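Because the structure is a prediction, the values reported are computed rather than measured. Below, all heavy atoms of this structure are taken into account, side chains as well, without hydrogens, waters or symmetry copies. In listed order, ligands and their atoms are each counted from 1.
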Amino acid sequence: MSDLIQGIDVCIAGTGSHVPEHILTNDELAMRVDTSDEWIVTRTGIRERRIAAEGEHTSHMATKAARIALEQAGIEAGEIDLIIVATITPDTLTPATACYVQQALGAHGAVAFDISAACSGFLYAMKISKRLISDGAFNNALIIGAEKLSAFVNWEDRATCVLFGDGAGAAVLRKAEPGEGSIIATEMGTDGRLTHLLSIPGGGSACPITIDNAAERHATLAMLGKEVFKHAVTRMKEAAERVIERAGLTPGDIACVIPHQANLRIIDAIADRLDMPNERVFVNLHKYGNTSAAAVAIALDEAARSGAFKRGDHIVLVVFGAGLTWAAAAIRW
Ligand code: ACO
């Protein structure tokens, strides 16, 4: 599903991110399961990941990232009228994590809800809030990707536990003034025929966790990695191409591509297919692993702060996750 360029431009007024203090290295993981730093680095590019402390919830990380984004945007919490948290690891099944964030920020005038689109959630939230702002329904939106995946990883399964980490990234969206940047084109898609490739099968109503099945660890991430890999490359390449074309640009016009941070080999394959030199592709997964909905949000914040692009540059965000879901956005910064 795609959109046409909107009459009212919506810009990203501020970004922020937060990751937990505790670093878990590949060598430390190799003491728990049969793996090695060499295997993890060559297969994924990941060197370490952050792990939330006990009592540090998804909403806590989300709130910290949000405060930084609000400060950069120069917007008070009371001015926010829409909060969307993208997460597959909510604090509680209900209420939504966005409600806890609203409470912590004191953003009492906001409508707050979560969306569940796995690693694609932050860009789903961006498209939804862009449309709601350009329709005039809301003025200032806070969108957040936040995950505590460490709570849903089977720490005895070497095929998945090496991949994931915790963190949060946020952005404040508002109507753009003349001369400011804008979200030019967005794209998102879903293929529910492939739900079986990547899921947390237990913990929902289909498979509640009970005393009898608790040992089977149904409430942990299960993935057919090779299959996911193939779809990730194809879908992200297509989505990126579509937003670039719809924005009236060519790959040569893009100063920086910020892809979902799951696997360096996936990122390299996409860069190759888009004919994009490595220096124009932002990567931080070596530090954080795959933080699902948070990954592209953290990467956007770090890329912007590191000077990977400047005001007026065109950038592309592109993501892929469980569902299967995918999304992309072309942005004039
Ligand atoms: N250490 C050592 N060996 C391992 C490990 C490990 N941590 N994990 C698996 N292996 C072994 C396997 O057992 C297998 O051994 P075998 O050949 O004796 O059977 C061998 O390594 C190869 O395993 P593969 O699964 O084929 O390895 P592959 O090269 O496909 O890499 C990986 C696996 C990294 C998971 C890759 O498939 C991948 O990145 N897939 C995409 C994941 C992704 O993008 N997810 C995004 C969405 S996440 C979300 O939405 C929440």
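Glu241 has a carboxylate O that lies under 4.0 Å from a charged side-chain N of Lys237, or vice versa, which qualifies the two as a salt bridge. The residues Asp313 and Lys310 are annotated as salt-bridged, a charged nitrogen and a carboxylate oxygen being separated by less than 4.0 angstrom. Using a cutoff of 4.0 Å between basic side-chain nitrogens and carboxylate oxygens, Glu245 and Arg242 are not scored as salt-bridged.
Legend: residues meeting side chain to side chain donor-acceptor pair (under 3.5 Å) with Asn140, ordered by chain and number and at least two apart, are absent.
Taking atom 10 (N) of ligand 1 as the reference point, the nearest protein heavy-atom neighbour is Trp39 CZ2, 3.4 Å. Nearest to atom 31 (O) of ligand 1 among the protein's heavy atoms is Arg265 NH2, 3.5 Å. The shortest contact between atom 24 (P) of ligand 1 and any protein heavy atom is with Lys226 NZ, 4.1 Å. Considering only non-hydrogen protein atoms, atom 43 (C) of ligand 1 sits nearest to Val228 CG1, 3.6 Å. Here the protein heavy atom with the shortest distance to atom 41 (C) of ligand 1 is Gly225 O, 3.6 Å. Protein heavy atom closest to atom 49 (C) of ligand 1, with residue, atom name and distance, is Cys119 SG, 2.8 Å. Atom 35 (C) of ligand 1 has as its closest protein heavy atom Leu163 CD1, 3.8 Å.
A donor-acceptor contact shorter than 3.5 Å is absent between the side chain of Arg50 and the backbone of Gly167. Side-chain atoms of Tyr124 come within 3.5 Å of backbone N or O of Gly189 as a donor-acceptor pair. With hydrogens and angles disregarded, no donor-acceptor distance shorter than 3.5 Å links the side chain of Asn290 to the backbone of Leu163. Between the Thr325 side chain and the Ala322 main chain, a donor and an acceptor come within less than 3.5 Å of each other. One N or O on the side chain of Gln102 and one on the backbone of Ala110 form a donor-acceptor pair closer than 3.5 Å. Gln261 places a side-chain N or O within 3.5 Å of a backbone atom of Pro259 that can act as its donor or acceptor partner.
Leu142 belongs to a hydrophobic cluster whose other members, connected by ILVMFWY side-chain contacts under 4.5 Å either directly or through intermediates, are Leu70, Ile75, Ile80, Ile83, Val85, Val101, Leu105, Ile144, Val172.
Residue Ile266 has no N or O atom closer than 3.5 Å to an N or O atom of ligand 1. Between Met223 and ligand 1, no N or O atom pair is found at a separation short of 3.5 Å. Among the atoms of Thr35, some N or O lies under 3.5 angstrom from an N or O of ligand 1. At under 3.5 Å, a nitrogen or oxygen of Arg43, whether backbone or side chain, sits near a nitrogen or oxygen of ligand 1. For a threshold of 3.5 Å applied to N or O pairs, the pair formed by Arg158 and ligand 1 contains at least one separation below that value.
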| task | Please step through side chain to side chain contact (heavy atoms under 4.5 Å, CB included) for the pair Ile8 and Ile133, ending with a clear verdict. | result | CA-CA 8 Å; Ile8 294 174; Ile133 293 169; 5.6 Å; no

| field | Residues Asn154, Thr220; criterion side chain to side chain donor-acceptor pair (under 3.5 Å); working and verdict | value | CA-CA 6 Å; Asn154 178 353; Thr220 56; 4.6 Å; no

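Protein non-hydrogen atoms do not reach within 4.0 Å of atom 17 (O) of ligand 1. Note that atom 14 (C) of ligand 1 has no protein non-hydrogen atoms nearby, at separations under 4.0 angstrom. Protein heavy atoms are found inside the 4.0 Å sphere centred on atom 26 (O) of ligand 1. Distance screen at 4.0 Å: atom 20 (C) of ligand 1 has no protein heavy-atom neighbour inside the cut-off.
With Glu180 as the fixed residue, the salt bridge (charged side-chain N to carboxylate O under 4.0 Å, His left out) test singles out one of Arg174, Lys175, Arg311: Arg174.
Only the side chain of Leu198 comes within 4.0 Å of ligand 1, counting heavy atoms alone; its backbone N, CA, C and O stay farther away. Within the 4.0 Å heavy-atom criterion, the part of Asn290 lying near ligand 1 is the side chain and not the backbone.
Counting the atoms of ligand 1 from 1 in the order shown, those under 4.0 Å from a heavy atom of Thr44 are 34 (C). For ligand 1 and Ala118, the ligand atoms under 4.0 Å from any heavy atom of the residue are 50 (O). Counting the atoms of ligand 1 from 1 in the order shown, those under 4.0 Å from a heavy atom of Val162 are 7 (N). For ligand 1, the atoms closer than 4.0 angstrom to any heavy atom of Gly321 are 50 (O). Shown in contact with Ala159 at under 4.0 Å from a heavy atom are these atoms of ligand 1, numbered in order with element: 8 (N).
The shell of residues lying under 4.0 angstrom from ligand 1, judged by heavy atoms, excludes Ala232.
Distance check, rounded to the nearest 0.5 Å: CH2 of Trp326 to NE2 of His260 gives 14.5 Å.
Of the candidates Ile40, Leu264, Asn263, the one placing a heavy atom closest to atom 38 (C) of ligand 1 is Asn263.
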